[in-house]
Amino acid sequence: MYLHLGQDYVVHTRDIIGIFDIETTSISKHTRAFLRHAETEGAVVTLSDELPKSFVVTDFPDETVFISPISSKTLEKRCGRLDQLGSV
């Protein structure tokens, strides 16, 4: 199953490592260091000029961090709905 992250980006759900709320997780210095490192490595894809609400870490083709204007809760609900559809 695929998850729409915003704009024209979709990822396969099996490639998702985690979906994170950018506001609550960026409080941690470790998260900020991770995002900074990913950006210097060229692994960050910003999906919109809008205020970012979440980031999604994937492992395909390489580790990529997608900065999304869609909330982490909405993305998680979409994943849950996809899982339910896949199990029917």
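Side-chain contact between Leu5 and Val11: present, with at least one pair of heavy atoms (C-beta onward) separated by less than 4.5 Å. Using a 4.5 Å heavy-atom threshold, the side chains of Pro69 and Leu51 count as separate. Phe66 places a side-chain heavy atom less than 4.5 Å from the side chain of Tyr9. Using a 4.5 Å heavy-atom threshold, the side chains of Asp21 and Ser71 count as separate. Annotation: side chain of Val56 is not in contact with side chain of Val65 (no heavy-atom distance under 4.5 Å). For the pair Leu3 and Val10, the minimum side-chain heavy-atom distance is 4.5 Å or more. Residues His12 and Asp15 meet the side-chain proximity criterion, which asks for heavy atoms closer than 4.5 Å. You'll find the side chain of Glu63 reaches within 4.5 Å of the side chain of Val57, heavy atoms only.
Linking Ile, Leu, Val, Met, Phe, Trp and Tyr residues whenever their side-chain heavy atoms come within less than 4.5 Å leaves Phe60 and Ile16 in two separate clusters. Ile19 and Phe34 end up in different hydrophobic clusters when Ile, Leu, Val, Met, Phe, Trp and Tyr side chains are linked at under 4.5 Å.
Put simply, the side chain of Thr13 gets close to the backbone of Met1: a donor and an acceptor are under 3.5 Å apart. Between the side chain of Ser68 and the main chain of Ile70, a donor-acceptor pair closer than 3.5 Å is present. No donor-acceptor pair closer than 3.5 Å links the side chain of Thr74 to the backbone N or O of Ser72. Between the side chain of Gln7 and the backbone N or O of Leu47 there is at least one donor-acceptor pair closer than 3.5 Å.
Residues His4 and Arg78 share a closest heavy-atom pair of O-NH1, 3.1 Å.
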Trace of the side-chain contact (heavy atoms from CB on, under 4.5 Å) decision for Ser28 with Arg32: CA-CA 6 Å; Ser28 166; Arg32 289 192 310 270; 5.8 Å; no
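The ring-ring contact (aromatic ring centres under 6.0 Å, His included) search around His37 returns none, not counting sequence neighbours.
For the atom pair NZ of Lys53 and CG of Leu75, the computed distance is 10.5 Å after rounding to the nearest 0.5 Å.
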